[in-house]
Amino acid sequence: MALDPIAVLLKFGFLAVLYLFLLWIARSAMKDLRRANDSRAVGRGAAASLSDQRGAGVSEATGLYSATGGHRPDLDALDPRLVVERAPGHDSGMEYEVGEGAVLGRGDQAEIRLEDPFASSRHARLVRQGGAVVLEDMNSTNGTYLNEELLSGPQPLHPGDRVRIGDSEFTYLER
Amino acid sequence: MSARTRELFALIPASLLVTAGFLAIFLSQESLKGVGGQDELRDVSLTYGAIFLGLCFGAHLVIRFRLKHADPYLFPLVAVLACFGLVMIYRIDDELARQQAQWFVIGLGMFAATIIGLPDYRVLERYRYLIALAGIVLLVLPRAFPPTNGAYLSVRLGSLSVQPAEFAKLAIVIFLASYLRDTRQVLVLGARRFLFVTLPPLKHFGPVLVIWGAAMVLLFFIQDLGSSVMFYGGFLAILYVATSRLSFPVIGLALFAAGSYLLYQVRPTIESRVAAWRDPFDPELYERVGGSYQLAQSLFAQADGGVLGQGFGQSVLELQGGKPVLPAPQTDFIYAVIVNELGLAGGLALLLVYLLVVQRGFKVAMLARDSFSKLLAAGLTSVFALQVFVIVGGVTKLIPLTGVTLPFVSYGGSSVMANFILLALLLLVSDRARREA
């Protein structure tokens, strides 16, 4: 078999280009990982993941939820969550972790999605302020009820408080 | 440098690879025939490279205008895979390569259609049961058509043959991701411990079991073993990501082991596959019809490649008398042909490309904010990775050989189209995740 020098050159050229390309992408992948680590150290905003208290501890195992979860120790100590009492499209007893805060509403952007005809797309929000979680109505059409009273301004929540939006009712719990 | 510019630059090596690959093959074919006219050939191979670059550029423009923030490396990595596929298939059979090129054009069309037609992929969640049903129907369909090699893999529409399992893969992943988004907490919270084993509550786990059980039964029914391993593994991966409970995949693997052992006892096809895997060089198995011939030949071909390979167009594909050395070199055994021609270096590079695609995919899942996106990206990536594992593992005698396609490299329209849709979904998730971050 006569080896054509050009063919041999092409083969090595092919492999060389391929490996250089891979090296380049692998390098930027490494950079990405470093950046992800930094931003995790800084911490993120609202915890979109709905993992419950028990799941949160283990979810580090897959790493997929820890990147956005932002489970800080002080937050874990408080562990605020909403338990579904009754809500269309949800099973009662289901728990939503509030984390740093969450928006309740019918829209796609809401962390806690309500399939309730009376809910606005961004209806109300829970915001963590220091050691407390504050409930705030976001100019909804039908209002938010805290312990069956219409919410007029931001109100701090206490364990056992009942939050009602339309036909959806939740109980607020801390650890 | 913006993400999109980086993507554009990353496409250049891919088209260089196509040019180099085609040129080398033209040269080798010319030297076999002993005909001159190399200048013309160089032009032709440059043209191939240019067309390839043009097509990729078109897809790049779609991404540039619709998904500004999407991961910049996924698409170039896939372009490199496609280049491997086109060059190797051209080397095996130029007519097939022409068809494969058409499939790529159609695949890129579906890629663009998915990106443009589905700007918010989360609407898929609303149709989860419909999508699951479509996936199941896709798996039943091939049973109505005559089998190939004892397996009911394809649906014939005129001269076309479609492999619905490739599309069913997407449907099942979308269903699992959207269903588990809602129930993942209940699965963990309502779990009971029974004999050291955590069992999820049946009420919430039921629908998953039904859909996925149906898929498994059907795959067994149509005798598509490779896909069933892929589906099973993908299911366990999504479940693990959704619940973070190690016990679920552990139980799943135990059940898998038990199930495979049972099937091994019952089904002669599986028994012969395992026998061929355990000792491919046994003379009796080697001679037997449906024995270890394929696997042994694949191992010979890979060993023949050595570290740096025989070179493009240098591998022996046909014995004297026209008997092929490797059966199905353009689909199941394309990895063996690649290793034969480019050696360990080329094979490793190909696996590295896959590894990087998977790394980018999981990265997308990590960045995604909402659970559905996370589960979707993780699920699609897992299924993709498992598909590569099943076929490369089979061809290299790591696991018993079961036929699935090597994504983006093997010949096959369904595989190319389904995987381009998979890529489009990953990029859609990636775009949303990075825009919000």
Side-chain angles (χ1 to χ4, degrees), chain A residues 1-4 6-26 28-29 32-33 36 39-40 44-68 89-91 93-97 108-111 113, chain B residues 6 10 13-14 16-17 20-21 23-24 27-28 31 38 72-73 76-77 80 87 120 122 181-186 188-190 203-204 240-241 243-246 308-309 311-314 341-343 345-346 349-350 352-353 356 359-360 362-363 365-371 374-375 378 437:
Chain A
M1 185 178 64
L3 274 178
D4 191 329
I6 304 173
V8 175
L9 207 70
L10 277 171
K11 186 184 79 182
F12 284 113
F14 186 93
L15 288 175
V17 171
L18 191 55
Y19 273 98
L20 285 174
F21 172 71
L22 287 174
L23 203 69
W24 181 43
I25 293 190
S28 53
D32 257 14
L33 286 176
S39 63
R40 200 183 309 174
R44 297 269 182 90
S49 74
L50 315 169
S51 57
D52 65 294
Q53 161 210 340
R54 277 199 285 166
V58 203
S59 64
E60 306 293 330
T62 53
L64 287 176
Y65 279 98
S66 60
T68 58
H90 296 273
D91 299 298
M94 202 167 152
E95 292 192 6
Y96 284 111
E97 191 183 74
D108 284 350
Q109 260 93 49
E111 272 94 12
R113 233 152 117 185
Chain B
R6 248 182 294 165
L16 273 180
L17 290 180
L23 187 54
L27 279 176
S28 74
S31 64
Q38 292 194 344
Y73 298 113
L77 283 167
V80 167
V87 169
D120 188 0
R122 290 185 294 185
R181 179 196 90 100
D182 279 0
T183 45
R184 61 189 203 87
Q185 288 177 288
V186 206
V188 177
L189 268 184
K203 181 185 160 199
H204 302 290
Y240 179 50
V241 171
T243 59
S244 319
R245 278 309 173 86
L246 196 59
L308 288 169
F312 283 109
Q314 304 295 328
E341 303 218 327
L342 288 170
L350 182 66
L352 267 174
V353 176
L356 283 169
Q359 185 260 335
R360 305 307 305 184
F362 281 129
K363 173 85 187 162
M366 283 179 73
L367 281 177
R369 285 302 187 85
D370 61 303
S371 290
K374 267 182 198 301
L375 292 176

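We use all heavy atoms of the structure for the numbers below, so side chains are in, but hydrogens, waters and symmetry mates are not. Protein chains get the first letters and strands the later ones, always in sequence-line order, with residue 1 at the start of each.
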Which pair of non-hydrogen atoms, one from [X] and one from [Y], has the smallest distance, and what is that distance?
{"X": "Lys11(A)", "Y": "Leu342(B)", "answer": "CG-CD2, 3.8 Å"}
{"X": "Phe14(A)", "Y": "Ala20(B)", "answer": "CD1-CB, 4.3 Å"}
{"X": "Gln109(A)", "Y": "Arg122(B)", "answer": "NE2-NH2, 4.0 Å"}
{"X": "Leu77(B)", "Y": "Phe21(A)", "answer": "CD2-CE2, 4.0 Å"}
{"X": "Phe12(A)", "Y": "Leu308(B)", "answer": "CE2-CD1, 3.5 Å"}

>> Measuring from atom CZ of Arg6(B) to atom CH2 of Trp24(A), what distance do you get when rounded to the nearest 0.5 angstrom?
In response: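 Spacing of CZ (Arg6(B)) from CH2 (Trp24(A)) equals 7.5 Å.
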
Below 4.5 Å from any heavy atom of chain A, which atoms of [X] appear? Answer side chain, backbone, both or neither.
{"X": "Leu356(B)", "result": "side chain"}
{"X": "Ala10(B)", "result": "both"}
{"X": "Pro76(B)", "result": "both"}
{"X": "Val353(B)", "result": "both"}

> What part of Leu18(A) is in contact with chain B, defined as an atom under 4.5 angstrom from a non-hydrogen atom: side chain, backbone, both or neither?
Replying inline: both

> So which part of Tyr19(A) gets closer than 4.5 Å to some heavy atom of chain B, the side chain, the backbone, both or neither?
Replying inline: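 For Tyr19(A), side-chain heavy atoms alone lie under 4.5 Å from chain B.
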
> Any idea which of Ile25(A), Asp108(A), Val17(A) has the most non-hydrogen atom pairs under 4.5 angstrom with chain B?
Replying inline: Ile25(A)

